[in-house]
Amino acid sequence: PNVVVMITSEQQGPLNSASRYRIYSDAASVAADFGTNSKANDYALSFFGTQPNATNAGGFLVMGYWRGTSEDVAATAASLTGAQLSEATVVGALQQVADGTLDIDVDGATENLTALDFRTVTTLDEVAGVIDAALTGATAAIDDQRLVITSATTGATSTITFATDPGTGAFIGETLAITTGSGAFLTQGAAADTLTAETKLEAITELANQVKFRGAMFIDNPTDIESKDLAEWGQANDVLQYDVFDSPDNLEVDPDNVVWDIKLSGLTNYRMLYSKAGNRKLAASYMARVHTVNFAAENSALTMHLKELSVAAEDYSQTEVNKAKTVGLDIYTTIKLTPALLTSGANVFTDERYNLIAYVDYLQVDMYNLLKGTSTKIPQTRQGMAQLVDQAEKTTRQFVRAGVAAPGEWTSPDSFGNRTTFEQNIRDNGFYWLAGSLAQQSQASREARESPALQGAVKLAGAVHSVDMIVNINR
C-alpha cells in the first residue's frame, strides 16, 4: 500500500510515452534525472521532506508521465532480442566452435554469417563481439543476458527476422536462443510519428497497467471534469488520489461544486485538500505522510488529523474551517501557532480508506500464498475450510495488532452465522470469520474446486480527534 505515484507532463526528464515511469527512493535521484529547476524535483522535495514518508515503510515514489501535449516520436530500428542466457553454459558450449554459422535477414537482405570462431571467448559480451564484427547491416550486443541484434537503419523499412540454419558449419542460433520458438522476439522498425495529447484518465490508466500503486497525484491541476473522472477511476481501482482545490466556491454546499459532487457520489478514494494559495505540493506531502504504515508492527495505524507536513500552513477563519469540514476538504493551518492538519470525515477519513485497501490487499496475498505454499493440497473438507478460516483470522489479527481493528460491540443489525457466537467473537477479538457450508455447495462449484464463501466481520478501532472535558470546581 506504500507505493505512490506523482504524475507529470514535463518532457525535460527521462519520461515519455515509451518509458512511462521511474522509481525513486530519494530526492537526489529525482533531481539528477529531471534537473533541480524542474517541477518534478520541486514536488519530490516536498515528498521526501515529509517525515516519515512512504520510503520509510517499505514503499517508494514513482514518477509517472502524462502526455499533456503532442509528442514527437523518432523513427525506430528493428531488433531481434534473444531469450536470457546462462553465461557459463553458453560460453562453455561455444568455446568448442570454430566454424559457427547463422543466417538472418536484415532490411530484406540476408546476412550470411560463417566461420565464426568462439574458441577464445570467455564472456557473453565477447560472444556478441564476434557476431557484431561479422554483421554488415546490423549490430550485436548483450543486454540483460540476452543477445540483441539491431538493424543499422530506422523507419518502416527497417526489418529483421529470427536466425535460421544455413545448412553449413555449426549452427549457433539455438545455442544463442535467437530462433523461432526459443523465447526470442522481434521488434520491427517504425516510422517517425507524432502522438496526440492524452487525457489524465488515459495516462493514469496506462500507468496502472505498467506498475502497481495505491496512491497517486497529478502535478498538473485537473479540471473539475477531470477530477470527477479520476475520482470514479480511483474508486473502481482501489487507488487513493490526492487533489488540491483553491476556489472559495469549493467550500460551498452546492451541486455545481465538484468537491460536494464527489462527496455525494460516495467516491471516497478521492482525497480532497484545500489551499487558498493553490499550493499543490500540499498533496505531495499529504500523500507521503499517509502511506507510511507498517501493518506488521504493533499500534502502527495512523490518523492524519493534526499531523505536520513539509509545506507552509495557511491561515483560515473558523467559518472556512467549518465549511471545509462540511464539504469534505482537509486543510493545513495553525493551532496556537503550531502547524496542524484538520481532517474532514464528510467523505470518510483518509486513514480509513487507506487501512481498508491495505487490509484487502493483505487478505488476497496471504490467501494466495497459503494456496501456493501448501505442498500437497487444501481439501474441500471441514479441515480444509478450517485452514482457510485460520489464514483469514491470522491476517485480520495482524490488523488488530496494528490498531486498525479492535474488540468492541457490534452495533450493526447485519450479521451471519449464530448471532451470539458472532457478537462474542467481535467482543473478544474484534473480528469473526465463518466458512460457508460444504453440504450446501453446488456440484458445479465443487467440480470447479472452489471453496465455500468465507464471510468476515471486522470492528474498526476508529481514532480520537477531539476530547470533551467536564471539570467540576468546588470552592
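Counting from 1, the numbers follow the sequence of the chain as shown.
Judged by distance alone, the side chain of Thr179 and the main-chain N or O of Glu174 form no donor-acceptor pair under 3.5 Å. A donor-acceptor pair under 3.5 Å links the side-chain atoms of Asn16 to the main chain of Ser19, judged by distance alone. With Asp26 contributing its side chain and Ala28 its backbone, the two residues share a donor-acceptor pair below 3.5 Å. Between the Gln398 side chain and the Phe295 main chain, a donor and an acceptor come within less than 3.5 Å of each other. Under a 3.5 Å cut-off, the side chain of Glu393 and the backbone N or O of Trp433 do not form any donor-acceptor pair. Between the side chain of Ser158 and the main chain of Ala78, a donor-acceptor pair closer than 3.5 Å is present. For the pair Asn2 (side chain) and Ala57 (backbone), a donor-acceptor distance under 3.5 Å is present. The main-chain N or O of Tyr270 is never found under 3.5 Å from a side-chain atom of Gln241 such that the two would form a donor-acceptor pair.
Residues Ser151 and Asp107 bring a donor and an acceptor atom of their side chains to less than 3.5 Å of each other. With 3.5 Å as the limit, one finds a donor-acceptor pair spanning the side chains of Thr50 and Ser285. In summary, the side chains of Arg353 and Thr268 do present a donor paired with an acceptor at a separation below 3.5 Å, with no hydrogens or angles considered. For the residue pair Thr55 and Asn53, a side-chain donor N or O sits within less than 3.5 Å of a side-chain acceptor on the partner. A donor and an acceptor atom, one from each side chain of Glu226 and Thr199, are nowhere located under 3.5 Å apart. At a cut-off of 3.5 Å, with distance as the only test, no side-chain donor of Asn41 or Ser38 sits close to an acceptor on the other residue.
Of all the heavy atoms in Lys39 and Glu10, the pair that sits closest is N-OE2, 2.9 Å. For the residue pair Phe60 and Ile23, the shortest heavy atom distance occurs at CD1-CG2, 3.2 Å. Shown here for Pro379 and Gln387, the closest heavy-atom pair between the two residues is CD-OE1, 4.0 Å.
Less than 6.0 angstrom separates the ring centroid of Tyr432 from the ring centroid of Phe416. Checked against the 6.0 Å centroid criterion, the rings of Tyr43 and Phe218 do not qualify as a close aromatic pair.
The ring pair (Phe, Tyr, Trp, His ring centres under 6.0 Å) check on Phe118 picks up nothing, with sequence neighbours excluded. Every residue two or more places apart in sequence or in another chain that forms a ring pair (Phe, Tyr, Trp, His ring centres under 6.0 Å) with Tyr359 is listed here: Phe399. For Phe245, there are no ring pair (Phe, Tyr, Trp, His ring centres under 6.0 Å) partners, not counting sequence neighbours.
A heavy-atom distance below 4.5 Å is not found between the side chains of Leu240 and Arg214. The shortest distance between side-chain heavy atoms of Asp220 and Lys200 falls below 4.5 Å.
Note on Arg22 versus Asp33: salt bridge recorded, some NZ/NE/NH1/NH2 to OD/OE distance being below 4.0 Å.
Evaluated for a salt bridge (Lys or Arg N to Asp or Glu O under 4.0 Å) with Asp243, the options Lys228, Arg271, Arg280 yield exactly one hit, Arg280.
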